Amino acid sequence: MAEKADVIVIGMGPGGESAAAQLARAGVVVVGIEKHLVGGECPYYGCIPTKMMVRAADTLAEARRVASLAGTADVTADFAPVAKRIRDEATDNWDDTVAVERFQNAGGRFVRGTARITGPGKVSVDGRDFEAGRAIVVNTGTEPVLPPIPGLAGTPFWTNRDAVAAKEAPESLIVLGGGPIGLELAQAFARFGTRVEVLEALDRILPLEEPEASRLVEEVLASEGIEVRTGTAAEAVNHDGTGFTVRAGGATLTAEQLLVATGRRSDLAALGLASIGVDTSGRTVDTDPHLRIAEGVYAIGDITGHGAFTHMSMYQAGIAARHILGDETAKAEYHAVPRVTFTDPEVGSVGLSEQQAREQGMTISTAVSQIPQSTRGWIHKAGNHGLIKLVADTDRGYLVGATSAGPAGGEVLSMLTLAVHERTPLSRLREMIYAYPTFHRAIEDALGKLT
């Protein structure tokens, strides 16, 4: 006999947990299912612990800048405090008891196990059968991709999960992948004294960002002693019991540790989505504006293909939950999706890149303002690398995309996100008052350069 519920939530990452709790508090009978940790990747292996590492590493960088601004400072890096903070404050030593109890206190029922949809409204969890009377919500996230590099499988390489669990910084590290995860961890470990080399198979790091931002970050990483090799893919990996050897681009690299940060993916077939008529041959699933992928089945988070971000999952969770509760007005919009890479400088972006806008056939104008040339950047001096790039649709007269790179680049992005989301006319943006001297005042300078 199947166990009954109104709604079954498969995957209790940030979005799944949020949707499940919202529904439970509204009086809906909810079963939340998770095979790993309630809360998902973000609090245990992603957003929170990695940013604790970045924060700690940034303080070391700032201390090393004292000589150019305010005298002298002796800096001795110690990874132990951040490793302890990750265990004590972020992850409870990778124990999700608090998160489970939080959901149960909201009125939900929690089940630990691997779920599979077996038909309309039906879910199996390790041999136990459940039936949803109103809806199923799928929020299963992604797992790190293991690239098919000869010799890699079976070696003690790191993914982001192993990196955040480290108790000390390695003496040396090779990073496969020049995306946000790889670069954030590369720079953080380098600032703790690790010798770091980054391999990116594409022709530039941060390939989803504007080329100007990619060049900026690569220059800063190089200035900090991090060797970045673009257009270079790993060809073979060997581990001799004490360290790694990687062949790439005609060179042989060696390091104590190897971090694989070459992307993430979902196993859609394993979810049983085919049983409800959903195509599982792609990397993601298509949803309607209410996040439905089939009648009574909703998908949120990474598997929808709109960005593997906690904020996306949480945003979609609210829309799905409201729709399940009867709000037909709740619809997703994706024209102003923000994201931030927490390197130093931070790289924030929203909406379309210049290339994406051109590919959509828009008539566009772009402008770039350099942070070091702004008054605040000049005052800031050490560590002032950054830029503002605007992408405007000249036919319609508003921004369709923007990049904010620099100190607090992710915070400066907030204004640009609002402008892109609300399609604020360029004329109104030019008429605004921009506080002086601030980093965001560089936006005004960039607006003045748009033609």
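Since the structure is predicted, the reported quantities are computational estimates derived from the model, not experimental observations.
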Donor-acceptor contact below 3.5 Å, side chain Ser313 vs main chain Gly15: yes

Using modelled atom types only, decide if a donor and an acceptor are shared between the side chain of Arg423 and the backbone of Ala419 within a distance under 3.5 Å. no

Any sub-3.5 Å donor-acceptor pair from Asp126's side-chain atoms to Gly113's backbone N or O? no

Counting C-beta onward and ignoring hydrogens, is there a side-chain heavy-atom pair between Arg195 and Glu256 closer than 4.5 Å? no

Is it true that Phe189 and Phe79 have ring centroids separated by less than 6.0 Å? yes

Close side-chain approach of Arg322 to His290, heavy-atom, < 4.5 Å: no

Mark yes or no for whether Asp6, through its side chain, and Val28, through its backbone, hold a donor-acceptor pair below 3.5 Å. no

Going from CZ on Arg161 to NE2 on His36, what distance comes out if it is rounded to the nearest 0.5 angstrom? 5.5 Å

Nearest 0.5 angstrom please: Leu390 CG to Ile443 CD1, how far? 7.0 Å

Heavy-atom nearest pair, Ala233 first then Ala248, reads O-CB, 3.5 Å

If only atom types and distance count, is the side chain of Ser404 paired as donor or acceptor with the main-chain N or O of Gly409 below 3.5 Å? yes

Looking at Arg264 and Thr142, would you say the former's side chain and the latter's main chain have a donor-acceptor pair under 3.5 Å? yes

Answer whether the closest heavy-atom distance between the side chains of Val297 and Ile276 falls below 4.5 Å. yes

The reported gap from OG1 in Thr50 to CZ in Phe342 (rounded to nearest 0.5 angstrom) is 8.5 Å

Write down the atom of Gly40, the atom of Pro43, and the distance for their closest heavy-atom approach. O-CD, 3.4 Å

Closest heavy-atom contact between Ala405 and Ile371? O-CG1, 3.7 Å

Please tell me whether Asn238 and Thr245 have a donor and an acceptor in their side chains that are separated by less than 3.5 angstrom. no

With side-chain contact (heavy atoms from CB on, under 4.5 Å) as the test, would you mind laying out the steps for Phe103 and Val30 before giving the verdict? CA-CA 10 Å; Phe103 171 55; Val30 181; 4.1 Å; yes

Are side-chain N/O atoms of His323 and Tyr298 paired as donor and acceptor at under 3.5 Å? yes

Rounded to the nearest 0.5 Å, how far apart are CD1 of Ile303 and CG of Asn139? 7.5 Å

Between the side chains of Glu218 and Ser214, is a donor N or O closer than 3.5 angstrom to an acceptor N or O? no

Find the distance between CG (Asp395) and CE (Met362) and round it off to the nearest 0.5 Å. 10.0 Å

Residues Ser124 and Arg116: side-chain donor-acceptor under 3.5 angstrom: no

Given side-chain contact (heavy atoms from CB on, under 4.5 Å), test Asp393 with Leu352 step by step and report yes or no. CA-CA 10 Å; Asp393 181 330; Leu352 302 177; over 6 Å; no

Which residue in the set Leu221, Leu199, Val196 passes side chain to side chain contact (heavy atoms under 4.5 Å, CB included) when paired with Val228? Leu221

Heavy atoms only: give me the nearest Ile364-Ala357 pair and the separation to one decimal. CG2-CB, 3.8 Å

Does the side chain of Glu359 come under 3.5 Å of the side chain of Gln355 through a donor N or O and an acceptor N or O? yes

Would you say the side chain of Arg204 lies within less than 4.5 Å of the side chain of Pro211, judging by non-hydrogen atoms? yes

CZ of Arg265: more than 12 outside heavy atoms within 6.0 angstrom? no

Is the side chain of Ser18 donor-acceptor paired with the backbone N or O of Pro14 at a distance under 3.5 Å, no angle test? no

With rounding to the nearest 0.5 angstrom, report the CG to OG1 distance, Leu216 to Thr343. 8.5 Å

Does the distance from a Lys or Arg side-chain N to an Asp or Glu carboxylate O, for Glu354 and Lys389, drop under 4.0 Å? yes

Sub-3.5 Å donor-acceptor pair from the side chain of Gln316 to the main-chain atoms of Ile300, do we have one? no

Please report the C-alpha distance between Phe244 and Thr254 in whole Å, then the side-chain angles of each, then the deciding distance to 0.1 Å, and finally whether the side-chain contact (heavy atoms from CB on, under 4.5 Å) criterion is met. CA-CA 6 Å; Phe244 286 89; Thr254 61; over 6 Å; no

Is a side-chain N or O of Ser266 found less than 3.5 angstrom from the main chain of Gly141, in a donor-acceptor match? yes

Can you see which heavy atom on Ile174 is nearest to which on Ala255, and at what distance? CG1-CB, 3.5 Å

pair Arg191-Gln187: side-chain heavy atoms closer than 4.5 Å: yes

Residue pair His421 / Glu333, side-chain heavy-atom distance below 4.5 Å: yes

Give a yes or no on whether the backbone of Ala234 and the side-chain of Arg247 come within a donor-acceptor separation of less than 3.5 Å. no

State whether a side-chain donor-acceptor pair under 3.5 Å links Thr230 with Asp203. no

Exceeds 12 heavy-atom contacts within 6.0 angstrom, atom CD of Glu168: no

With a 4.0 Å cut-off on N to O distance, would you call Glu197 and Arg229 a salt bridge? yes

Count the heavy atoms of every other residue, nucleotide or ligand shown that sit under 6.0 Å from CD of Glu328, and state whether that count exceeds 12. yes

For Asp95, does the CG atom sit with more than 12 other heavy atoms under 6.0 Å from it, leaving out its own atoms? yes

Below 4.5 Å, heavy atoms only, C-beta onward: do Val220 and Asp344 meet side chain to side chain? no

Between Ala99 and Tyr44, what is the shortest heavy-atom contact and its length? CB-OH, 4.1 Å

Considering only heavy atoms from C-beta outward, does the side chain of Glu212 approach that of Val368 to under 4.5 Å? yes

As a quick check of understanding, evaluate side-chain contact (heavy atoms from CB on, under 4.5 Å) for Leu185 and Asn160, giving each step before the final call. CA-CA 8 Å; Leu185 292 171; Asn160 63 298; 4.3 Å; yes

Glu209 and Thr341: side-chain donor and acceptor closer than 3.5 Å? no

Under 4.0 Å between a Lys/Arg side-chain N and an Asp/Glu carboxylate O for Asp58 and Lys51? no

